[in-house]
Amino acid sequence: MKTFVDDTGKTRSEPMSDEEGRPIFSQEAVEMRDNLVERFCSLPIVGSALDHIIGHFGTDAVAEVTGRSRRIVIDAHGRQRIESRSPRTNLAETDAFMRNEKKILIFSDAGGTGRSYHASLTAENQSRRNHYLLEPGWRADAAIQGLGRTHRTHQATAPLFRPVSTDCRGERRFISTIARRLDSLGALTRGQRQTGGQGLFDPRDNLESDYAKESLETWFRLLADGKLRSTTLGEFQTLTGLELEGEGGGLKEELPPIQRWLNRILALRIALQNAIFDEYLGLIEARIEAAREAGTLDLGVESINAERITILDRTIIRRDQTSGAETEILRLETEERYKPLPLDRALRILGDDARPIVNRKSGRAAIRCSTYSLTDDDGEIVRRYELVRPTRSERMRQDLLLETMWEETSEEEFSALWQAEVEEMRDKTRTSTLYLVAGLLLPVWDRLPDDHVQVWRLNTDDGQSFLGRIVPAPLVSKLADAFGINAAITVSGDDTAKHVMTSGEISSVGAYRLKRSLVAGQQRLELLDWPHTRLAELKAAGCFTDIIQHRTRMFVPVANAAAVIERIAA
């Protein structure tokens, strides 16, 4: 190629040729090309997952139900040969699997249409199906249809679904498309999202949700400010070809959409992909965690499962003038039985990434596992642990965990403490009170609290079924006042105390506010907004004080919080 300057002053290039017009080739470039082609041809063929499985287990153990008419198999002497397959071959392979002659079945969309592979009670092969979802594709309905081939009625046992992915973060690009389609399917199944997705996908897996789009804008801003450790703005633009900088500096007004950004990320090296996705997924996780704590995360309709659900009282807050449909507040009492994790299952969780730990102060055992990280507004990745306990699990920042009394222990001590807590909680139950706004919800939706928007389904002991929103106990009285209910809905002090201790939200108690505070390693109920003139009166009502950093703070005793709250709220 030779370069020249055109009439506009721009430097251009054109192919070089000899006097007879034949192109002139660079012999160095020709040699480099030939060497590259030679190296490519010497590389081994990368087989598909289908060929690898058949090559490993053999055709005698694997039943293939696909749409291909020919395949290469290895005979008993190690020689490769081409085997032709007719449409009737799929029927024979299916029968061989259902008769338990072949233990493994591989089927595709083309081969799986119109067939059933579940553990039917009429089939000889009634073993539990372990269904691995490989290459799910772009259509969620096709993926769910394939999963439905091994999960049907009249079966001996339900299958175990296992979606398979690699450690490449970019592969979430494909899983996210299915998750987004599954959300759409959920809208067609009475709003029950787990009906469409079978509970396989978490909201964080959807990289095209509103949380993901908002996180991408934050990621672009952190990239422009130079706060990311994975890459710089100039390097990212060079590697991906995306133009992010505006004419006057800073970011452009119209940034690339998330689909284009994800596709360009797939062209990067794996290490850089993983580093970028760690930061990006951390931003998504932070927003989803905040939405979950605020009660605004849309998870569709979920059911309240309890040993006993009893209606204590019900108050009508609105009646539609045309249809007569009613909206009411139900006060429910639920009783749930603790279901501790058995010791044998806990021991199976232990591994290199899951370590046994013990709290030297409480004498309780837990399993410390790595979990999703968060990315703060400064672009720093906040590493977290998940603590698996016999009856619950919680997430904690790694730096905060180091400041607690948790420390690693031996498997013998862990087993003894874990089993002791399992035996202690085996037959125990917990009772709680819920306030559910049920009935006609749409006309009153805008007057309900902005948080805790999730819709719940429950069935009471007397056979009644309700669909509604749970309202925190401290907001019930305000909600009744908003609708002008003459009969006041009273919330017990016990309900208020339990709500504050479990949720951490600040609740109103008469003229005061009640919050949960951590003092000396213990959770307390602290009273706010109290005047110094009522110090003696509040202490006479059952409160106690503590001087912390030269300031007197008022607390409500947790043991008899119900009686004290009712006295100070009167």
**Asked** So which heavy atom on Ile106 is nearest to which on Thr66, and how close?
**Response** O-CG2, 4.4 Å
**Request:** Please report the C-alpha distance between Ser116 and Arg152 in whole Å, then the side-chain angles of each, then the deciding distance to 0.1 Å, and finally whether the side chain to side chain donor-acceptor pair (under 3.5 Å) criterion is met.
**Result:** CA-CA 8 Å; Ser116 299; Arg152 295 176 180 260; 3.1 Å; yes
**Request:** With rounding to the nearest 0.5 Å, note down the distance linking CD1 in Ile309 to CG in Leu330.
**Result:** 11.0 Å
**Prompt:** Does some side-chain heavy atom of Leu147 sit less than 4.5 Å from a side-chain heavy atom of His131?
**Reply:** yes
**Item:** Residue pair Glu217, Arg221: steps toward the side chain to side chain contact (heavy atoms under 4.5 Å, CB included) verdict
**Value:** CA-CA 6 Å; Glu217 294 178 0; Arg221 177 177 55 80; over 6 Å; no
**Asked** Hey, does Val471 have a side-chain heavy atom less than 4.5 Å from the side chain of Ile329?
**Response** no
**Message:** Can you tell me how far apart CD1 (Ile311) and CG (Leu332) are? Round to the nearest 0.5 Å.
**Reply:** 6.0 Å
**Minimum heavy-atom distance Ala354-Ile367, with the two atoms named** = CB-CG2, 3.8 Å
**Item:** Residue that, paired with Glu526, satisfies side chain to side chain donor-acceptor pair (under 3.5 Å) out of Lys515, Arg513, Arg553
**Value:** Arg553
**Message:** For a side chain to side chain donor-acceptor pair (under 3.5 Å) check, start with the C-alpha distance between Glu245 and Gln237, then their side-chain angles and the critical distance, and finish with the verdict.
**Reply:** CA-CA 9 Å; Glu245 288 183 297; Gln237 291 183 120; 3.2 Å; yes
**Message:** Looking at Tyr385, I'd like to know if the NZ or CZ of Arg368 sits under 6.0 Å from its six-membered ring centre while staying within 45 degrees of the ring's axis.
**Reply:** yes
**Message:** Does Arg364 qualify as a cation-pi partner of Trp418, given the criterion of NZ or CZ under 6.0 Å from the six-membered ring centre and within 45 degrees of its axis?
**Reply:** no
**Request:** Report yes if some heavy atom in the side chain of Cys369 is under 4.5 Å from a heavy atom in the side chain of Leu387; otherwise report no.
**Result:** no
**Message:** Is a donor from one side chain sitting under 3.5 angstrom from an acceptor on the other, for Arg384 and Thr371?
**Reply:** no
**Request:** Supply the atom-to-atom distance Thr431 OG1 to Lys498 NZ, rounded to the nearest 0.5 angstrom.
**Result:** 6.5 Å
**Asked** What are the two closest non-hydrogen atoms of Met396 and Thr404, and how far apart are they?
**Response** SD-CG2, 4.3 Å
**Message:** I'd like to know whether Arg337 forms a side chain to side chain donor-acceptor pair (under 3.5 Å) with Thr429, so could you lay out the CA-CA distance, the side-chain angles of the two residues, the decisive distance to 0.1 Å, and finally the verdict.
**Reply:** CA-CA 4 Å; Arg337 186 174 300 277; Thr429 60; 6.0 Å; no
**Request:** Work out which heavy atom in Leu242 is nearest to a heavy atom in Arg264; give both atom names and the distance.
**Result:** CD2-NH1, 3.4 Å
**Asked** Backbone N or O of Ser517 within a donor-acceptor pair of the Arg524 side chain at under 3.5 Å?
**Response** no
**Message:** Quick check: His151 with Tyr117 (ring centres under 6.0 Å apart)?
**Reply:** no
**Message:** Could you check whether atom CD of Glu408 has more than 12 heavy atoms from other residues, nucleotides or ligands sitting under 6.0 Å from it?
**Reply:** yes
**Prompt:** Out of curiosity, Leu239 CG to Thr231 OG1, how far, rounded to the nearest 0.5 Å?
**Reply:** 6.5 Å
**Prompt:** With a 4.5 Å heavy-atom cut-off, do Leu374 and Ile381 have their side chains touching?
**Reply:** no
**Prompt:** Is Glu214 paired with Arg287 through a side-chain N to carboxylate O contact shorter than 4.0 Å?
**Reply:** yes
**Message:** Walk me through whether Thr327 and Ile316 qualify under side chain to side chain contact (heavy atoms under 4.5 Å, CB included).
**Reply:** CA-CA 6 Å; Thr327 306; Ile316 299 175; over 6 Å; no
**Asked** Is any NZ, NE, NH1 or NH2 atom of the basic residue among Glu380 and Arg229 found under 4.0 Å from an Asp or Glu carboxylate oxygen of the other?
**Response** yes
**Message:** Quick one, Tyr512 and Leu528 - any side-chain contact, counting heavy atoms below 4.5 Å?
**Reply:** no
**Message:** For Trp261 and Phe236, take the angle between the two ring planes, folded into 0 to 90°, and tell me which bin it lands in: parallel under 30, tilted 30 to 60, perpendicular over 60.
**Reply:** tilted
**Prompt:** Between Arg331 and Arg314, is any pair of side-chain heavy atoms under 4.5 Å apart?
**Reply:** no
**Fill in**
To the nearest 0.5 Å, atom OG1 of Thr334 lies from atom CG of Leu436 at 11.5 Å
**Request:** State, yes or no, whether a side-chain contact exists between Leu350 and Pro356 at a heavy-atom distance under 4.5 Å.
**Result:** yes
**Prompt:** Counting only heavy atoms not in Glu254, do more than 12 sit closer than 6.0 Å to its CD atom?
**Reply:** no
**Message:** Is the terminal nitrogen or CZ of Arg430 (NZ for Lys, CZ for Arg) located under 6.0 angstrom from the six-membered ring centre of Tyr338 and within 45° of that ring's axis?
**Reply:** yes
**Request:** Kindly indicate, with the supporting measurements, whether the criterion side chain to side chain contact (heavy atoms under 4.5 Å, CB included) is fulfilled by Thr391 and Lys339.
**Result:** CA-CA 6 Å; Thr391 58; Lys339 298 178 180 179; over 6 Å; no
**Complete:** Distance col, row Thr375:OG1 vs Tyr280:OH, nearest 0.5 angstrom, shows 11.5 Å
**Message:** Could you tell me if the side chain of Phe277 sits less than 4.5 Å from the side chain of Ile265, heavy atoms only?
**Reply:** yes
**Val500/Leu525 under side chain to side chain contact (heavy atoms under 4.5 Å, CB included): CA gap, chis, key distance, verdict** = CA-CA 8 Å; Val500 174; Leu525 291 172; 3.7 Å; yes
**Request:** Grab the two heavy atoms, one from Leu223 and one from Leu233, that are nearest each other, plus how far apart they are.
**Result:** CD1-N, 3.7 Å
**Item:** Working for salt bridge (Lys or Arg N to Asp or Glu O under 4.0 Å), residues Arg318 and Glu328
**Value:** CA-CA 7 Å; Arg318 183 184 183 277; Glu328 55 185 348; over 6 Å; no
**Asked** Between Asp225 and Lys227, is there a donor-acceptor pair closer than 3.5 Å when you use the side chain of the first and the backbone of the second?
**Response** no
**Message:** Between Gln273 (side chain only) and Leu266 (backbone N and O only), is there a donor and an acceptor less than 3.5 Å apart?
**Reply:** yes
**Prompt:** Where the side chain of Arg308 meets the backbone of Glu335, is there a donor-acceptor pair that is under 3.5 Å apart?
**Reply:** no
**Request:** For the pair Glu279 and Ser230, evaluate side chain to side chain donor-acceptor pair (under 3.5 Å) and give the outcome as yes or no after the intermediate values.
**Result:** CA-CA 8 Å; Glu279 296 168 341; Ser230 60; 2.7 Å; yes
**Message:** Please give me the minimum heavy-atom distance between Ala366 and Phe414, naming the atom from each residue.
**Reply:** O-CE1, 3.4 Å
